[in-house]
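See below for the structure under consideration.
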2 protein chains.
Amino acid sequence: MPMGTTWADRLRAAGLRVTRPRLSVLQVLAGRPHADVDTIVTAARALHPTVSPQAVYGVLKALVAGGLARRIEPAGAPALFELRVGDNHHHLVCRSCGAVADVDCTVGAAPCLAPSDTAGFVVDEAEVVFWGLCRACQVGTPGVTGQVARHQDRGGAHA
Amino acid sequence: MPMGTTWADRLRAAGLRVTRPRLSVLQVLAGRPHADVDTIVTAARALHPTVSPQAVYGVLKALVAGGLARRIEPAGAPALFELRVGDNHHHLVCRSCGAVADVDCTVGAAPCLAPSDTAGFVVDEAEVVFWGLCRACQVGTPGVTGQVARHQDRGGAHA
DNA sequence: CCGCCTTCCTTGATCCAGTCAAATCAAGGG
DNA sequence: CCCTTGATTTGACTGGATCAAGGAAGGCGG
């Protein structure tokens, strides 16, 4: 990605208009690799105090449709969004606090991409989610680390 | 699994009481490998006309907790349940009709289980979902296969 | 620079999966 | 057989996400 490329450029390249809510959301996502809608709305309001949640939903939908963002949906948690698109990377998700980390699918060629028996399916994507505990939660303090706390301490969860 | 083992035995072995709703749900799941709650409720009513949806939720929760069933949650779709537990197999999901097929994780040892860089996470499970089109949907008639049609008309649900 | 048209955002309602809680009912040990 | 514990019923409710109507602003033509 050339340094001179701005978010506005990217939006236009995707055929999308450049608007304040969109730039705000992009800026938020640039700083938080895996944010949920609620987090994005809150953070975006710091840049554009009047954005509505629905606007964010709309923006995210447009960004995903335009190939500028990717939506990931860990089981049992609200959707998260990230700007890393194009490379088919996967995710590590903490069962305790919900923290998410990227993982390159470096496993050689494509073991993960080639199921042994496709049962007649034509596969176009392999989605891998590694479940476990992040470093902070292993130590015993669930989701209190900065990075982690960010994605909602919906963490240990509701109960 | 010994042939003589009944569902009732399994329930007791898991420390669960043997009740009509539970047996009904188990019987439904035995016939439909990947059913969603709605499908289960409908089918279970054929065996036990008065079961409530909440009862099914409760039963499924108990079955999952007792290790008799497994819950899978494809992104953007309601949860599905299956009785195959113990073997860590994965799933093929049809983008068009939602059909699900099992895939053994035959990729040798554990390429899928070992991310290249765990970023400090302790991983205990790798979940793999292969997205694509099932045979029926490739042909051009989305979701008309019996088993398949069941979980998915949510798409065109209204109007 | 102005105006128009399209697209986007705002407001508000609605949907759906799943959960919670109180009261009733039944499984199965004593 | 009764009692205790656990399961189910009924009903309300939450939270994430979508839909719909109207108003605002992006950005092109003139």
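Values below: every heavy atom of this structure, side chains too, minus hydrogens, waters and symmetry copies. Lettering of chains follows the sequences in order, A, B, ..., and the numbering in each one begins at 1.
- For B:Q54, the listed nucleotide lying nearest its side chain is D:dT9; candidates were D:dT9, D:dA17, C:dG28.
- Atoms CZ (A:R12) and C1' (C:dT7) sit 15 Å apart, rounded to a whole Å.
- Comparing atom distances between the A:Y57 side chain and each of D:dA7, D:dT18, C:dC9 picks out D:dT18 as nearest.
- Side-chain atoms of B:D102 and B:H34 form a donor-acceptor pair, as typed in the model, at a separation below 3.5 Å.
- Between the side chain of B:R135 and the backbone N or O of A:F121, no donor-acceptor pair lies under 3.5 Å.
- Phosphate proximity of D:dT9 to B:R20: absent, as no side-chain N or O sits under 4.0 Å from OP1 or OP2.
- Residue contacts for B:A79: at a heavy-atom cut-off of 4.0 Å it reaches the sugar-phosphate backbone alone, with no base atom in range.
- When the nucleotides D:dG26, D:dT9, C:dA17 are ranked by their closest atom to the side chain of A:T19, D:dG26 comes out on top.
- Rounded to a whole Å, the CD atom of A:E73 is 13 Å from the P atom of C:dG18.
- In terms of heavy-atom proximity, A:R70 sits nearest to A:D87 at NH1-O, 4.1 Å.
- Side-chain contact check for A:E127 and A:H91: no donor-acceptor pair (N or O, by modelled atom type) lies under 3.5 Å.
- Proximity note for A:K61 (side chain, C-beta onward) versus D:dA17, C:dT10, D:dC19: the nearest is D:dC19.
- Judged by distance alone, with hydrogens and angles left aside, the side-chain atoms of B:T39 form no donor-acceptor pair with the main-chain N or O of B:A35 at under 3.5 Å.
- Of the candidates C:dT11, D:dG16, D:dA7, D:dA7 carries the atom nearest the B:L16 side chain, counting heavy atoms from C-beta on.
- Nearest-nucleotide assignment on DNA chain C puts the 5′-proximal partner with A:V56, out of A:V56 and B:F81.
- Residues B:V59 and A:R71 each lie close to DNA chain D; by heavy-atom proximity, the contact nearer the 5' end of the strand is made by B:V59.
- For A:R22 and C:dT10, the CZ to P distance is 11 Å, given to the nearest whole Å.
- Side-chain proximity of A:R17 to the nucleotides C:dT10, C:dT7, C:dT19 is greatest for C:dT7.
- Across C:dG18, D:dA7, C:dG28, the shortest atom-to-atom separation from the side chain of B:V18 is found for C:dG28.
- Residue A:L23 contributes atom CG, which lies 14 Å from atom C1' of C:dC9 at whole-angstrom precision.
- To the nearest angstrom, C1' of D:dG27 lies 14 Å from CG of A:L11.
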